Amino acid sequence: NAGVTQTPKFQVLKTGQSMTLQCAQDMNHEYMSWYRQDPGMGLRLIHYSVGAGITDQGEVPNGYNVSRSTTEDFPLRLLSAAPSQTSVYFCASASTDTQYFGPGTRLTVL
Amino acid sequence: GESVGLHLPTLSVQEGDNSIINCAYSNSASDYFIWYKQESGKGPQFIIDIRSNMDKRQGQRVTVLLNKTVKHLSLQIAATQPGDSAVYFCAETEGGERWDMRFGAGTRLTVKP
């Protein structure tokens, strides 16, 4: 039981490039979410999913897309990276109220 | 707007002392609260939670106190150890809406040997 896994751990992009951050969980949780964490700020919700085939926007969704084709996977896509998207990204999953977080992806956009 | 915040951004304690980390929230309808611990380079880790129908809950070396009158939450760590050094976040939500969970900015706890 690996919990929530994220890849890559680190990534550097140039402005305008696209990429996908991977997130997987093996706990059969219905709920999954993506957050970004910026210095001195709390976690902010980007997108979330309450089950396979269902996604919705969080607090800061602009510039990001998600899909949930399976219960296990919830990838986050950056369509055209911008320096403002430099951040640490966390994926989380939950079956009830408590969310369990992955180790994070540190993304730098130059 | 509604917000979750922390009174102090940093806290330094001596090993073996008790630590108290505070959190204020503004949404009077919030009914579920969580404390997370985040070590450097890692994701937040669940510590303890409390619902609004309680004012105190205890775990292993940790206690969470909830004062709904003044909308204040605290995390007490007994006999603080070097391994407790981390950033601690509070989070709150209303009606169990996980997608509406709001996080504070965090307090960095440093334990001096």
Side-chain angles (χ1 to χ4, degrees), chain A residues 2-10 21 23-25 27 29-51 54-61 66 68 74 76 87-107, chain B residues 1-10 21-27 30-54 57 59 62 64 73 86-108:
Chain A
V4 180
T5 58
Q6 291 182 237
T7 56
K9 196 167 181 62
F10 300 96
L21 307 185
C23 174
Q25 52 95 7
M27 297 173 283
H29 287 167
E30 290 296 321
Y31 179 79
M32 295 186 74
S33 54
W34 275 102
Y35 292 87
R36 59 179 289 172
Q37 185 177 42
D38 299 297
M41 299 183 69
L43 294 163
R44 291 185 292 168
L45 183 64
I46 303 171
H47 284 285
Y48 66 94
S49 169
V50 298
I54 305 169
T55 63
D56 209 342
Q57 297 180 347
E59 181 184 357
V60 288
V66 292
R68 186 91 181 274
F74 191 44
L76 177 73
S87 188
V88 181
Y89 292 84
F90 290 100
C91 178
S93 75
S95 59
T96 54
D97 293 319
T98 304
Q99 295 193 60
Y100 296 92
F101 288 84
T105 295
R106 183 173 294 275
L107 175 68
Chain B
E2 306 291 356
S3 64
V4 175
L6 297 174
H7 292 306
L8 295 172
T10 62
I21 301 171
N22 297 305
C23 180
Y25 64 96
S26 57
N27 182 4
S30 294
D31 58 6
Y32 181 62
F33 305 86
I34 303 177
W35 279 101
Y36 285 94
K37 172 186 180 183
Q38 186 176 23
E39 296 175 282
S40 181
K42 298 183 179 180
Q45 177 185 5
F46 171 87
I47 301 174
I48 192 168
D49 59 359
I50 189 168
R51 297 192 181 278
S52 59
N53 61 352
M54 304 172 68
R57 191 166 188 217
V62 295
V64 55
L73 191 70
V87 175
Y88 291 81
F89 296 90
C90 63
E92 52 90 14
T93 188
E94 174 185 349
E97 301 289 357
R98 288 159 288 181
W99 46 88
D100 197 31
M101 183 159 283
R102 302 208 177 255
F103 293 81
T107 292
R108 181 174 299 280

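Letters go in sequence order (proteins before strands), and every chain restarts at 1. None of these values were measured; they are calculated from a predicted model.
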Item to check | Within 6.0 Å of CZ in A:R106, more than 12 heavy atoms from elsewhere | outcome: no
Checklist entry - Checking heavy atoms, do the side chain of A:Q6, its backbone, both or neither come under 4.5 Å from chain B? => result neither
Item to check | Derivation and outcome, side-chain contact (heavy atoms from CB on, under 4.5 Å), residues A:Y48 and B:M101 | outcome: CA-CA 11 Å; A:Y48 66 94; B:M101 183 159 283; over 6 Å; no
Checklist outcome for this item: If one checks every heavy atom of B:Q38 against chain A at 4.5 Å, the contacting part turns out to be side chain
Item to check | B:R102 vs A:R44, side-chain contact (heavy atoms from CB on, under 4.5 Å): CA-CA, chis, key distance, verdict | outcome: CA-CA 8 Å; B:R102 302 208 177 255; A:R44 291 185 292 168; over 6 Å; no
Next on the checklist: Counting heavy-atom pairs closer than 4.5 Å to chain B, which one of A:D56, A:L43, A:V88 comes out on top?
Outcome noted: A:L43
Checklist entry - Do the ring planes of B:F46 and A:Y100 sit parallel (below 30°), tilted (30 to 60°) or perpendicular (above 60°)? => result tilted
Checklist outcome for this item: Taking every heavy atom of A:F90 against every heavy atom of B:G43, the minimum-distance pair comes out as CE2-CA, 3.3 Å
Next on the checklist: Testing the basics here: between A:Q99 and B:Y36, what is the closest heavy-atom pair and its distance to 0.1 Å?
Outcome noted: O-OH, 3.1 Å
